[in-house]
Amino acid sequence: MNNEKDLEIIRHGLSHIMAAAVEELYPDVKFAIGPAIDNGFYYDFDFGKGKMSEEDLAKIENKMREIIKKDLKFEKSELKIDEAIARENKSGQAYKQELIEDLKKEGEKKVSYYKLGEFIDLCRGPHVGASGKLKSVGFKLTKLAGAYWRGDEKRNMLTRVYGVAFADKKELEDYLKMMEEAEKRDHRKIGKEQDLFSFHEEAPGMPFFHPKGVIIYNELKKFWLEAQKEFSYDMVLCPSMLDVSIWKQSGHWDHYKDDMYFIKAGEGEKAYALRPMDCPGAILIYNNSPKSYRDLPLRYAEPGLITRKEKSGQLGGLLRVQQFTQDDAHIFLTENQIEDEIKKVIALIDKIYKPFGLEYKAFLSTRPDDFMGEKKVWDKAESELKKILKDIYGDNYGLKEKDGAFYGPKIDYQLKDSLGRTWQCATIQLDFQMPGKFNCQYVDETGKEKYPVIIHRTIMGSFERFMGILIEHYAGVFPVWLAPAQIKIISVGEKHIEFCQKLSREFIKENIRVEVDGSDETVGNKIRKAVNEKIPYVLVIGDREMESVRLAVRDRGAREAREIDKNEFIKEVKNKIDNRE
RNA sequence: GCCGAAAUAGCUCAGUGGUAGAGCACUUCCAUGGUAAGGAAGGGGUCCCGGGUUCAAGUCCCGGUUUCGGCUCCA
């Protein structure tokens with residue numbers, strides 16, 4: 001029992017056993033669904049008014065182990081669909097009843113049940129023969145969470161019990177250890193340890209970047225700016241607060257009002273909104289003078305400060321914040337420039353992601369229910385994006401139904417954090433609506449006025465989110481070009497401090513970031529601190545170094561120092577920085 | 001917003017109703033060091049905020065804030 005399919009059956013079996021255990025412990029419980037998932041399983045229960053807490057997990061887990069020990073058979077039976085509906089109705093299992101009614105609508109004629117001891121549950125199967133088969137399996141109930149019935153926030157909140165499960169106990173141990181390691185890479189933890197940023201109650205979900213964090217932030221921004229220039233973008237900067245009227249004009253008032261912050265200085269004063277996105281600013285600049293087809297594609301890029309009111313409970317470190325800087329751009333172009341331009345944007349994404357060695361995947365997001373404009377235009381745009389994705393990625397891209405923006409379909413790029421959760425970073429959005437709403441125009445070859453198409457795009461998504469992903473990607477061991485301190489100079493004794501400072505000035509002149517540790521500590525302790533700070537190069541300076549032009553350099557990760565000529569060393573470090581290594 | 005949990009020194013955390021603690025960090029002194037923790041002394045607290053119960057609350061109860069794990073959302 002080792003391959004993925006067997007594991008899925010095991011996990012599914014455990015979820016069934018958990019339901020049986022829960023029924024024994026809480027006879028009034030109502031059952032929803034309990035599937036196998038990556039690394040484990042869950043089951044959604046409705047405990048009614050009964051409160052559950054994490055202490056109950058151990059109780060449920062013990063009961064599960066009892067059931068496994070009893071080696072009960074999973075007995076399959078079938079019922080005609082109407083009989084099944086009647087049974088669930090009679091026993092008051094409303095969620096099961098709804099599930100079966102939906103199956104009936106889909107044309108199912110019968111459903112299968114699996115009985116385990118006294119517990120019987122609607123289930124498609126297959127199952128292992130008997131619960132005793134799971135004796136050697138390694139599993140653990142891990143957490144309790146709320147989950148809406150059918151993922152719909154207007155419906156009941158159920159209690160979801162999560163478990164992890166693997167073929168044997170050793171694999172479970174390995175997995176738990178791996179998760180422990182992953183937690184060490186958490187950007188929030190590293191952000192604290194390395195003094196990169198903090199959060200405060202006075203501005204929830206809005207990061208405060210400390211000096212070392214700003215160094216990384218600025219390096220990322222510099223890299224990004226260079227790439228924009230290379231791809232012929234013009235930079236613009238717009239206010240982050242605009243009159244409410246423009247948000248009514250853009251449609252954000254109707255579609256996005258609940259996620260915006262509004263400002264009114266006083267009675268009778270103008271009402272402003274903090275911008276939740278940058279597009280109206282770019283459009284105002286575009287409209288400031290007449291445009292010709294010769295100007296297109298016109299690319300306005302802006303590292304734009306954005307503020308979004310997130311519902312409580314949705315924030316998370318740097319990955320989900322309320323105020324952030326999007327590495328935004330708005331490209332105004334003609335319809336027949338779309339394919340070419342989107343391919344250019346994708347090339348830019350590759351260029352920016354590549355040096356970091358990040359793994360990413362593209363997704364096509366299609367028309368949402370809450371859309372603006374004509375279906376025909378949407379269909380055309382979607383098929384165009386599909387063709388582009390197919391050209392570039394073959395079948396290796398995903399689909400997110402109904403996940404487009406209200407003004408057009410989009411291509412999203414997802415990156416993973418240390419715990420394997422995915423985050424959208426780059427996005428390329430086609431927009432056929434805003435130009436009309438704002439009367440953006442250009443004059444074509446025949447002198448006729450036409451609406452351009454707008455592409456909204458970001459590459460990193462936001463500097464904040466991208467930085468969070470990178471911290472976890474590197475586990476805080478930043479490449480030389482990003483490292484807040486690139487060199488640490490350690491004095492052996494007091495009489496070497498002055499020489500250390502002189503040396504540090506030489507590095508600073510070469511635009512190398514350097515720190516001197518001249519504290520009253522032993523050399524060993526100072527080295528230990530520098531190593532823990534993950535500084536790429538550590539230099540120990542004593543009598544020997546003062547007497548020659550050679551340096552004792554301890555490279556990050558190395559156990560021993562090497563000797564190198566000072567100028568050669570400077571060249572080596574500068575070379576790494578220039579090549580963004 | 002919803003379900004569950006957490007909040008104690010700068011950091012990591014201990015403290016089950018009776019005088020607020022440890023390690024690291026910090027300051028000072030001694031030691032003047034050679035590649036992963038030298039020694040000693042000292043300073044540092046709104047125990048998240050507000051109410052309640054109690055002779056007595058960091059600890060129990062209620063409300064709020066923030067953070068964390070999920071759900072939903074994420075233009």
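Since the structure is predicted, the reported quantities are computational estimates derived from the model, not experimental observations. In what follows, every chain begins at residue 1, and chains take the letters A, B, ... in the order their sequences are listed.
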- Give one of base, sugar-phosphate or nothing for A:Arg544, where a contact means two heavy atoms less than 4.0 Å apart. base
- Start at the 5' end of RNA chain B and walk down; is the nucleotide closest to A:Met157 or to A:Ala561 reached first? A:Met157
- Query: Hey, does A:Lys526 reach any base, or is it just sugar-phosphate, or nothing, if we go heavy atoms under 4.0 Å?
  - Reply: nothing
- Describe the nucleic acid contact of A:Ala552 in one word from base, sugar-phosphate, nothing, applying a heavy-atom distance below 4.0 Å. base
- Item | Rounded distance in Å - CD (A:Glu521) to P (B:U27) | 10 Å
- Determine the Euclidean distance between corresponding P atoms of B:U67 and B:U53; express it in Å to zero decimal places. 32 Å
- Whether over 12 other heavy atoms sit under 6.0 Å from A:Lys400 NZ: yes
- Query: Can you check whether A:Arg559 has a side-chain N or O nearer than 4.0 Å to OP1 or OP2 of B:U35?
  - Reply: no
- Check whether the ring centres of A:Phe45 and A:Tyr43 lie less than 6.0 Å apart, and answer yes or no. yes
- Which whole number of Å gives the distance between the C1' atom of B:A57 and that of B:G52? 11 Å
- Task: State whether a side-chain donor-acceptor pair under 3.5 Å links A:Asp278 with A:His330.
- Result: no
- Message: Categorize A:Asp259 for me: base, sugar-phosphate, or nothing, with a 4.0 angstrom heavy-atom threshold over every strand shown.
- Response: nothing
- With a 3.5 Å cut-off and just heavy-atom distances, do the side chain of A:Arg554 and the base of B:A36 make a donor-acceptor pair? yes
- Message: Applying a 4.0 Å non-hydrogen cut-off, can you work out what A:Asp152 is touching in the nucleic acid: base, sugar-phosphate, or nothing?
- Response: nothing
- Using atom C1' of each nucleotide, how far apart are B:C74 and B:U35 to the nearest Å? 49 Å
- How close or far is atom P of B:G70 from atom CG of A:Leu141, stated in whole angstroms? 16 Å
- Under 4.0 Å: is that the gap between some side-chain N or O of A:Arg188 and OP1 or OP2 of B:G69? yes
- Note on the structure: In whole angstroms, the gap separating P of B:U66 from CD of A:Glu310 amounts to 14 Å
- Under 4.0 Å between a side-chain N/O of A:Asn525 and OP1 or OP2 of B:G38, yes or no? yes
- Taking only side-chain nitrogens and oxygens of A:Arg308, does any of them come within less than 4.0 Å of OP1 or OP2 of B:C73? no
- Query: Would the A:Tyr233 and A:Trp224 ring centres measure less than 6.0 Å apart?
  - Reply: no
- Note on the structure: From CZ of A:Phe406 across to P of B:A75 the rounded distance in Å is 11 Å
- Nearest whole angstrom, please: distance from the P of B:U72 to the NZ of A:Lys402. 16 Å
- Task: Determine whether more than 12 heavy atoms belonging to other residues, nucleotides or ligands lie under 6.0 Å from atom CD of A:Glu374.
- Result: no
- OP1, OP2 of B:G4 versus side-chain N and O of A:Ser53: anything below 4.0 Å? no
- Query: Could one point to a donor on the side chain of A:Arg160 or the base of B:C3 with an acceptor on the other under 3.5 Å away?
  - Reply: no
- Task: Name the nucleic acid region contacted by A:Gly316, choosing base, sugar-phosphate or nothing; use a 4.0 angstrom heavy-atom cut-off, strictly under.
- Result: sugar-phosphate
- Note on the structure: Walking RNA chain B from its 5' end, the first of A:Lys192 and A:Tyr256 to be reached, judged by nearest nucleotide, is A:Lys192
- C1'-based separation of B:U32 from B:G21 [nearest Å]: 35 Å
- Which part of the nucleic acid, if any, lies within contact of A:His255, taking any heavy atom under 4.0 Å across all strands shown: a base, the sugar-phosphate backbone alone, or nothing? base
- Task: Answer with yes or no after comparing the ring centroid distance for A:Tyr407 and A:His456 against a 6.0 Å cut-off, counting only values under it.
- Result: yes
- Look at the side chain of A:Gln314 against the base of B:U72 and say whether a donor-acceptor pair falls under 3.5 Å; ignore hydrogens and angles. yes
- Query: A:His200 near the nucleic acid: base, sugar-phosphate alone, or nothing, with a heavy-atom cut-off under 4.0 Å?
  - Reply: nothing
- Message: I need the CD-P distance between A:Glu193 and B:G10, as an integer number of Å.
- Response: 18 Å
- From CZ of A:Arg528 across to P of B:G34 the rounded distance in Å is 17 Å
- Task: Can you tell me, in whole Å, how much space there is between the C1' of B:C61 and that of B:C68?
- Result: 24 Å
- P-based separation of B:C24 from B:A37 [nearest Å]: 14 Å
- Nucleotide opposite B:C71 in a Watson-Crick or G-U pair, distances under 3.5 Å: B:G1
- Query: Looking for any heavy atom pair under 4.0 Å, which part of the strands does A:Val523 touch: base, sugar-phosphate only, or nothing?
  - Reply: sugar-phosphate
- Please report, rounded to the nearest Å, how far the P atom of B:G70 is from the CG atom of A:Asn39. 13 Å
- Message: Please classify the nucleic acid contact of A:Gly251 as base, sugar-phosphate, or nothing, using heavy-atom distances under 4.0 Å.
- Response: nothing
- Query: Less than 3.5 Å between a donor and an acceptor, one on the side chain of A:Glu494 and one on the base of B:U32, is that the case here?
  - Reply: yes
- Message: What I want to check is whether the side chains of A:Tyr95 and A:Asp44 have a donor and an acceptor closer together than 3.5 Å.
- Response: no
- Using a cut-off of less than 4.0 Å, is there contact between a side-chain N or O of A:Thr159 and OP1 or OP2 of B:C3? no
- Query: Counting any heavy atom closer than 4.0 Å, what does A:Asp431 reach on the DNA or RNA strands: base, sugar-phosphate only, or nothing?
  - Reply: nothing
- Sticking with atom P, work out how far B:G18 lies from B:G51, rounded to a whole angstrom. 23 Å
- When you compare B:A14 with B:A6, how far apart are their P atoms, in angstrom units rounded to a whole number? 12 Å
- Compute the centroid of each ring, for A:Phe438 and then for A:Tyr286, and state whether the two points are separated by less than 6.0 Å. no
- Task: Could you check whether A:Gln429 gets within reach of a base, just the sugar-phosphate, or nothing at all, counting any heavy atom under 4.0 Å?
- Result: sugar-phosphate
- Message: Around atom CD of A:Glu498, are there more than 12 heavy atoms from other residues, nucleotides or ligands closer than 6.0 Å?
- Response: no
- Query: Quick one: does A:Arg320 reach the base of B:C73 with a side-chain donor-acceptor pair under 3.5 Å?
  - Reply: yes
- Is the shortest side-chain N/O distance from A:Arg421 to OP1 or OP2 of B:G70 below 4.0 Å? yes
- Counting side-chain heavy atoms from CB outward, which of B:A75, B:C74, B:G4 is closest to A:Glu54? B:G4
- Looking for any heavy atom pair under 4.0 Å, which part of the strands does A:Gly542 touch: base, sugar-phosphate only, or nothing? base
- Query: Between A:Asp328 and A:Thr458, does any side-chain donor sit less than 3.5 Å from a side-chain acceptor?
  - Reply: no
- Item | Sugar-phosphate only, base, or nothing, as touched by A:Lys143 at under 4.0 Å among non-hydrogen atoms | sugar-phosphate
- Query: Taking only side-chain nitrogens and oxygens of A:Lys410, does any of them come within less than 4.0 Å of OP1 or OP2 of B:A75?
  - Reply: yes
